[in-house]
Asks: 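Pasting in a structure now, in structure tokens, and then I'll have a few things to ask.
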Amino acid sequence: MDTEQKLFQSLKNYAGDDYEESQDSFLLTLIEDATEEVLSRVYPNGFSTAESKKKAHDSVMLNYETKIRRIAEYHYDKQGKEGVTSFSENGSSASYENSGTPESYFRGVIPISAIV
């Protein structure tokens with residue numbers, strides 16, 4: 001099982017009883033977006049070729065799988081609350097650092113730069 005399929009299965013398990021097959025494309029999008037976020041943190045200067053991006057993508061999937069999963073889970077939990085920084089409902093409340101992925105989720109992500 002490749003890493004993306006493993007992340008997909010993990011996200012389906014995370015959704016639990018809320019999971020429906022119709023959510024497959026949404027869950028895959030969450031994984032793709034989380035991967036792109038981590039990829040842009042690891043390689044802040046971008047890529048010169050599609051081949052170098054593919055190689056970097058594979059490396060990020062391998063080395064930051066847990067971070068990608070956690071970011072995808074975070075955004076799964078926030079669905080319907082995009083842009084909200086805090087809310088209260090039925091006596092429980094939640095707040096978010098910002099409307100995007102919190103910086104704390106990127107702890108341990110090491111940027112790589114090359115001298116050109």
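Bear in mind the structure is a predicted one, so any value in this text is a computation, not a measurement.
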Asks: Distance check, rounded to the nearest 0.5 Å: Asp33 atom CG versus Thr29 atom OG1?
Replies: 6.5 Å
Asks: At what distance, to the nearest 0.5 angstrom, does CD of Glu32 lie from CD of Glu4?
Replies: 6.0 Å
Asks: Taking the basic N atoms (NZ, or NE/NH1/NH2) and the acidic carboxylate oxygens, is any pair closer than 4.0 Å for Lys55 and Glu51?
Replies: no
Asks: Would you give the length of the straight line joining atom NE2 of His57 to atom CG of Leu39, rounded to the nearest 0.5 angstrom?
Replies: 7.0 Å
Asks: Give a yes or no on whether the backbone of Arg107 and the side-chain of Lys67 come within a donor-acceptor separation of less than 3.5 Å.
Replies: yes
Asks: What residues form a side chain to side chain donor-acceptor pair (under 3.5 Å) with Asn13, not counting sequence neighbours?
Replies: Gln9
Asks: With rounding to the nearest 0.5 angstrom, report the CG to CD1 distance, Leu30 to Ile71.
Replies: 11.5 Å
Asks: Determine the minimum heavy-atom distance between Ala56 and Phe47, stating which atoms define it.
Replies: CB-CE2, 3.3 Å
Asks: About how many Å separate CZ of Phe26 and CD of Gln79, when rounded to the nearest 0.5 Å?
Replies: 4.0 Å
Asks: Do the ring planes of Tyr74 and Tyr105 sit parallel (below 30°), tilted (30 to 60°) or perpendicular (above 60°)?
Replies: tilted
Asks: To check you understand the geometry: which heavy-atom pair defines the closest contact between Ala34 and Ala72, and what is its length?
Replies: CB-N, 3.9 Å
Asks: Find out if a path of hydrophobic residues (ILVMFWY) with successive side-chain heavy-atom gaps under 4.5 Å connects Leu62 to Val109.
Replies: no
Asks: Please lay out, stage by stage, how Arg69 and Glu65 fare under the test salt bridge (Lys or Arg N to Asp or Glu O under 4.0 Å).
Replies: CA-CA 6 Å; Arg69 181 181 44 78; Glu65 179 182 343; over 6 Å; no
Asks: Is there a side chain to side chain contact (heavy atoms under 4.5 Å, CB included) between Asp24 and Tyr19? Walk through the geometry before answering.
Replies: CA-CA 9 Å; Asp24 286 357; Tyr19 170 74; 2.4 Å; yes
Asks: Where is the tightest heavy-atom contact between Leu11 and Ile31, given as atom of each residue plus distance?
Replies: CD2-CG1, 4.0 Å
Asks: Provide the closest heavy-atom pair for Leu27 versus Phe8 in the form atom of the first, atom of the second, distance.
Replies: CB-CE1, 3.9 Å
Asks: How long is the gap from OH on Tyr43 to OG on Ser59, to the nearest 0.5 Å?
Replies: 4.5 Å
Asks: Where do Thr3 and Met61 come nearest, in terms of heavy atoms and distance?
Replies: CG2-O, 3.4 Å
Asks: Got a donor-acceptor contact below 3.5 angstrom from the Ser10 side chain to the Lys6 backbone?
Replies: no
